[in-house]
Structures are given as structure tokens and as C-alpha cells.
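Remarks on the structure that follows.
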Number of protein chains: 2
Amino acid sequence: MSKYLEIAKVLRDRIKSEYYPPDSLLPNQVDLVEEFGASRMTIKKALNILALDGLIYSRRGAGTKILNRSFWDKDTSPADEYGGLTATLAGSNKKIESESIIFEIEFPDEKIQDKLLLNPHQPVYKIIRLRIVDDEPFILEHTYFPAHIVPNLTEDHILSSIYDYIKGDLGLKFAGAFRNVQATKSDEWDQKYLDAKKDDPMLEVEQVIYLKDGRPLEYSRARNRYDKRGYTILDVQQN
Amino acid sequence: MSKYLEIAKVLRDRIKSEYYPPDSLLPNQVDLVEEFGASRMTIKKALNILALDGLIYSRRGAGTKILNRSFWDKDTSPADEYGGLTATLAGSNKKIESESIIFEIEFPDEKIQDKLLLNPHQPVYKIIRLRIVDDEPFILEHTYFPAHIVPNLTEDHILSSIYDYIKGDLGLKFAGAFRNVQATKSDEWDQKYLDAKKDDPMLEVEQVIYLKDGRPLEYSRARNRYDKRGYTILDVQQN
DNA sequence: GAGTGGTCTAGACCACCAA
DNA sequence: TGGTGGTCTAGACCACTCT
């Protein structure tokens, strides 16, 4: 692990444990250089991570302040989490289950071809999966994987964590994701599986996940009821 | 302007103009060092910005690839824009107007006190404003400013751009924002001003904007009809 | 003016990828 | 094995804030 990541981790722990209390100032960068035996550029890089996380805020001449934001106890999910719901809710005491509703392989329609950069004759897995948290139906996921990238997918995989299979067994690495959030009306699937009423608004998160080599790995639409979940975005100004 | 920002700007222009075509490789960092007369750390910093923007992707040993994502022609807004709709849509050919629906000063209720870190006796401006794009009602904003931070606000300000007044005349600087996106049912305001039907879903972006010194500047809820706008989020994995 | 963070350099070593 | 990007250093200069 890189030195700057190690330092960021230590500092993050100190902030979260309130060893550095909210609204106080962090030791200045020169002191941190001494404590960690690092160069100032490295310290700066560590601080930058915490700043992007919204934990601290630095001003020239004035020092680095520990921010006191009550963001962390929300029941909303950070919008930049992925790796699946399993990862997002890991560590909480929630019980997570999955139910497979559709699992089939088919040829992609135009929209899927466009999102996943496929030809009409390259088959995709089509999966509809219900995620259940604490015995409550929570999210309905419509997911497509190109079959040549995720070979030999089975229904077992989708009932546990698809991402363990993809990252672990296949050794694929994520580069990032592009998401779009919107409100929509409920469809028959939502009404059937999420117990949504006909005039209930739904929140839909549409995403394409990309691999490090640039190939799209997944197109999905995750739908949940308006009263069950929101998405949070933290935006810290670069300067 | 910092050197690394200048370099990032030049490279961004070259990518957008396809001087560096999509899917090709950027010149390697050593060559860029020569061209720009900068150290490699500075080049790296510039590249890092473009990577966070999702324009390029670097891999150890393999070079830096120009990504070709058709994200930019969406009619959705990036979720991390602020400074107002005026800034977001500047440069497009849209006609933007504002209509002031409510403009008053009052004492904050508990929710507003909590969001803006105020006492019950510190007054706030309460503003409800309709944003009209190309003659179509577009967004209904419910906004609160602490009166002691944004003194002497007038109805004129809110009809042009509040942010020009805040940034320019008052010299206040933004540190960042915390947002929450959710779907909700339409309320009477939406029905009256956005022409929403009773069972139309709405997309609501709730946000608190913070100043550089840590004080909350604004709490707002921006509502728009489900069929008018979505929010996009680009998430590039750090490593 | 003293103290802070932001940037920049020149060079170094290492991890990773491709041929 | 050679070329690439990722990290790190030690020192320097500058911009800003505070008082």
C-alpha cells in the first residue's frame, strides 16, 4: 500500500474517532512531515484524499480544519458506491438476500448494444434480481452482462455476489462507472416485486460499469421505491 | 493560474477537438514533460484532473488512453454542478428566465435550523423561484439563506443570478455541497407551477452549500418533473 | 511579519505491461 | 527486457491569512 494511502488512513481514523475533534485544526503539514517521516508532497497527497472525502478543508494561510458534517449517519447510500449492494451494506447489521426472477441469455436489443458496445449477434445475460434487506423487498435490478466477458455465469452466482465471481474468479478490474439518476413511474415489475402502488414514484439508477481496459462490463437499472432510498453526492470544490 | 491547470486545459482541448482521437494513446509523460517544460509530477497532476473528469484512463506499463464516452451529449446535468442553473446551462442556446414566487424573511423551523446550523432567532430568507428554460417551466427551487450571511438580498438579485451577488459583491467562496437525490410525489407547488399531474413522480435534489470557512450558506430543494431532467454521476475508480 | 498551505522541480526507485 | 505510469524525496518559492 502506498505511503500516502497509509497516512490518509491513519488521519481518517483519528478524525472519525474524534482524536482530532470537529472544528479544530489539524497539525500543520510540516509537523505531519515530521511525525510520518514523509515529504510534504506525500502529506499533501494524503490530505487531498481526505479533502475529497469531505472530512477536512484546507485554506492557504489559515490551516486545515476538521469538518463536522453529519453526513455519515444518513440512511441514504453514497452515489459513488458500487461493487454491489453487498459491499455497500457490509458491516451494517442488515440481512441481505437475493431472489432471482429472470436469468436468461439472449441477443441484445439496440439500446443494450449501444450501452455495452456490442454487435447484434453477441449474446448477453439478462438478469432480473430482487434484493431483499431485512425481509423487505428493497431494490429491483435489471442487469445485462456481455456473455463473452462474463462466461459461464450461473444462477448460483447471482444469488450470492456476482462481483465476487467477476473480481475474484475472473480477475476483472473495474475502471469506473457512469450513472444517471431519475424519477419514473412504477412499472409492472415494481408493482409485483417491490409492492409499489400504481402511482408510486420510483427512483431509478441507471449505470454502465467499465473495466480497466475500457470495455463495458455491465448495464443495469436499479429501481427502488421513493420512500425506501435516496442517493447522496458529496461535492468538494477543488479550489 | 497554476501550471498544472494550464496544462490540463490544453490537453482537454486537444481531446475534445479530437487532436488526440478517442481510443488512441496520449504521448507518454516524459514526452509531455519535454513539451510543456514541466516536471513529471506536474504533468501527472494535470493528467489526474482529466482522469477525474473521465476523459482519460492510465495504466502502469500500458500508457494513457483517451476514452471515448458519449456522455457529453446527454440532456442530463452533471450532478456536481452548482453555482446555479445559469452557470450549468451557460453556453447552450437556451433561454433562461426566473419568476419569483415567494420572497420573504422569516425565522427558521427546526429542519432549517439543523441544516443551516442556526438558532431559532436568526432569520432566514425564504425564496421560492421558478426557473423557466426556453419558455417551459423547468425547475422549482425552494431556497433558504441565513440573513446574516447574505445581507440585503433583494428580489432583483433572485431574478438575475443570486450567485453573482454572493460570489461577486459579497466575495463569499464556496467550499462544496452535500446533495441528496430522491424521487417524491408531486406537491401543490409542483402541480401549480411545473404543470405536474397529481400522480407524476418528481425528482428532488436537496442540497446544502458550504462556504470555505465552513458555514452553511444555502439549503435548497430543487424539484423537476420526472420527464424533464435526470442527474448524471461519473465515478472513476482511483486505482 | 510569521506561519500556513499550494505549487513546482529534478531526480530516483518501483510496479506493471507488452513483446 | 524496455518502456510505461505511480510514488516519493528534499528543497524551494509563492500566495494567502492572521494580528
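Chain letters run A, B, ... following the sequence lines, proteins first, then strands; residues in each count from 1. Any value given below was found using the heavy atoms of this structure, including those in side chains, with hydrogens, waters and symmetry copies removed.
Not a single side-chain hydrogen bond (donor to acceptor under 3.5 Å, both in side chains) links Asn28(B) to another residue, sequence neighbours left out. In this structure Arg40(A) satisfies the salt bridge (charged side-chain N to carboxylate O under 4.0 Å, His left out) test with no other residue, sequence neighbours excluded. For the ring-ring contact (aromatic ring centres under 6.0 Å, His included) test, residues two or more places apart in sequence or in another chain that qualify with Tyr125(B) are Phe103(B). Checked against salt bridge (charged side-chain N to carboxylate O under 4.0 Å, His left out), Arg221(A) has the following partners two or more places apart in sequence or in another chain: Glu204(A). Under the rule for a side-chain hydrogen bond (donor to acceptor under 3.5 Å, both in side chains), Thr143(B) has no partner lying at least two apart in sequence or in another chain. For Tyr165(A), the ring-ring contact (aromatic ring centres under 6.0 Å, His included) criterion is met by His157(A), not counting sequence neighbours. For Glu110(B), there are no side-chain hydrogen bond (donor to acceptor under 3.5 Å, both in side chains) partners at least two apart in sequence or on another chain. Here Asp213(A) pairs with Arg215(A) under the side-chain hydrogen bond (donor to acceptor under 3.5 Å, both in side chains) rule; sequence neighbours left out.
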- Task: Could you run through nucleotides 11-19 of chain D and give me one letter per nucleotide, 5' to 3': B if any protein heavy atom sits under 4.0 Å from the base, S if only the sugar-phosphate is that close, - if neither?
- Result: -B--BBBS-

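Applying the ring-ring contact (aromatic ring centres under 6.0 Å, His included) definition to pairs two or more places apart or across chains, none involves residues 9-44 of chain A.
The terminal axes of the helix from dG1(C)-dC18(D) to dA18(C)-dT1(D), fitted over 5 pairs per end, subtend an angle of 20° to the nearest 10°.
Within a heavy-atom distance below 4.0 Å of DNA chain D, the residues of residues 28-36 of chain B found are Asn28(B), Gln29(B).
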